[in-house]
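Counting starts at 1 for both ligands and their atoms, in listed order.
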Amino acid sequence: MPFIRFVREERDVKCLKGANLREVALKEGLELYGFKGSIGNCGGCGQCITCFVAIEGGDKNSLSPLTEVEKIKLRNRPSNWRLACQCLVNSSLVVLTKPQAPPANCQNLVQEALSKVLPK
Ligand code: FES
């Protein structure tokens, strides 16, 4: 089973292969949304673009391919950003939630998360 390492939260969460990244995060009680998304989001339809995550470490195959919605909505965003609601987990990965508002020590947290081996 894949593990999702949430950088900001410093948590490793096990999930089923094919699990929806948004649903896993919410089920675990993680704060996926910024202010705008927390007061109103589309519920996972890919329309509100408030569920941004950054995939760290460069393994793009750890998630399902970009959906057609993401190709449009993420056009002007960094190439490692995804919409959590559109992502199915293929294999273990490292994720930064709310990359639009990174923590002050973001680079250190990411480097530390990437340096540790994910559980199998
Ligand atoms: S929850 Fe609205 S785009 Fe992901």
Side-chain angles (χ1 to χ4, degrees):
M1 283 213 266
F3 274 83
I4 306 168
R5 176 163 290 157
F6 289 96
V7 173
R8 182 189 300 267
E9 298 80 5
E10 299 184 57
R11 291 215 12 221
D12 290 343
V13 174
K14 190 173 7 177
C15 70
L16 293 172
K17 186 173 179 180
N20 178 278
L21 182 53
R22 173 184 178 270
E23 291 174 10
V24 172
L26 295 181
K27 184 177 167 201
E28 290 294 320
L30 303 182
E31 196 59 57
L32 185 59
Y33 295 105
F35 178 71
K36 182 181 165 196
S38 65
I39 59 172
N41 63 72
C42 69
C45 300
Q47 296 304 307
C48 67
I49 57 170
T50 59
C51 63
F52 293 122
V53 292
I55 310 310
E56 304 294 346
D59 185 4
K60 296 189 177 185
N61 295 324
S62 55
L63 292 174
S64 53
L66 283 172
T67 63
E68 293 305 314
V69 165
E70 287 180 291
K71 287 176 186 172
I72 296 167
K73 303 281 188 187
L74 296 174
R75 219 176 3 225
N76 298 317
R77 306 287 179 176
S79 62
N80 67 329
W81 283 27
R82 299 289 305 266
L83 295 176
C85 69
Q86 300 293 296
C87 299
L88 304 179
V89 178
N90 292 329
S91 59
S92 296
L93 73 158
V94 177
V95 170
L96 176 67
T97 55
K98 297 183 282 183
Q100 70 275 27
N105 58 345
C106 184
Q107 285 304 322
N108 290 342
L109 289 174
V110 168
Q111 289 307 316
E112 189 177 327
L114 292 173
S115 70
K116 296 179 196 162
V117 176
L118 279 162
K120 295 283 180 190

Is there a donor-acceptor contact under 3.5 Å from the side chain of Arg5 to the main chain of Asp12?
no

Sort by chain and number the protein N/O/S atoms that are closer than 2.8 Å to atom 4 (Fe) of ligand 1, and list them.
Cys51 SG, Cys85 SG

Please identify each residue that fulfils side-chain contact (heavy atoms from CB on, under 4.5 Å) with Lys71, with sequence neighbours left out.
Leu66, Glu68

Would you be so kind as to tabulate the donor-acceptor pairs closer than 3.5 Å made by side chains of residues 81-93, with sequence neighbours excluded?
| unit_1 | atom_1 | unit_2 | atom_2 | d |
| --- | --- | --- | --- | --- |
| Arg82 | NE | Glu70 | OE1 | 3.4 |
| Arg82 | NE | Glu70 | OE2 | 2.8 |
| Arg82 | NH1 | Ser64 | O | 2.9 |
| Arg82 | NH2 | Ser64 | O | 3.0 |
| Arg82 | NH2 | Pro65 | O | 3.3 |
| Arg82 | NH2 | Glu70 | OE1 | 2.9 |
| Gln86 | OE1 | Thr67 | OG1 | 3.1 |
| Asn90 | ND2 | Asn61 | O | 3.1 |
| Asn90 | ND2 | Leu63 | O | 3.1 |
| Ser92 | OG | Phe3 | N | 2.9 |

Please state which protein non-hydrogen atom is closest to atom 1 (S) of ligand 1 and give its distance, to 0.1 Å?
Tyr33 OH, 3.2 Å

Taking all non-hydrogen atoms of both residues, which atom of Cys45 and which atom of Cys42 are closest, and how far apart?
N-SG, 3.2 Å

Out of curiosity, Leu16 CG to Met1 CE, how far, rounded to the nearest 0.5 Å?
5.5 Å

Under 3.5 Å, which donor-acceptor pairs link side chains of residues 21-31 to any protein atom two or more places apart or in another chain?
| unit_1 | atom_1 | unit_2 | atom_2 | d |
| --- | --- | --- | --- | --- |
| Arg22 | NE | Tyr33 | OH | 2.6 |
| Arg22 | NH1 | Gly43 | O | 3.4 |
| Arg22 | NH2 | Tyr33 | OH | 3.4 |
| Glu28 | OE1 | Arg11 | NH2 | 2.5 |

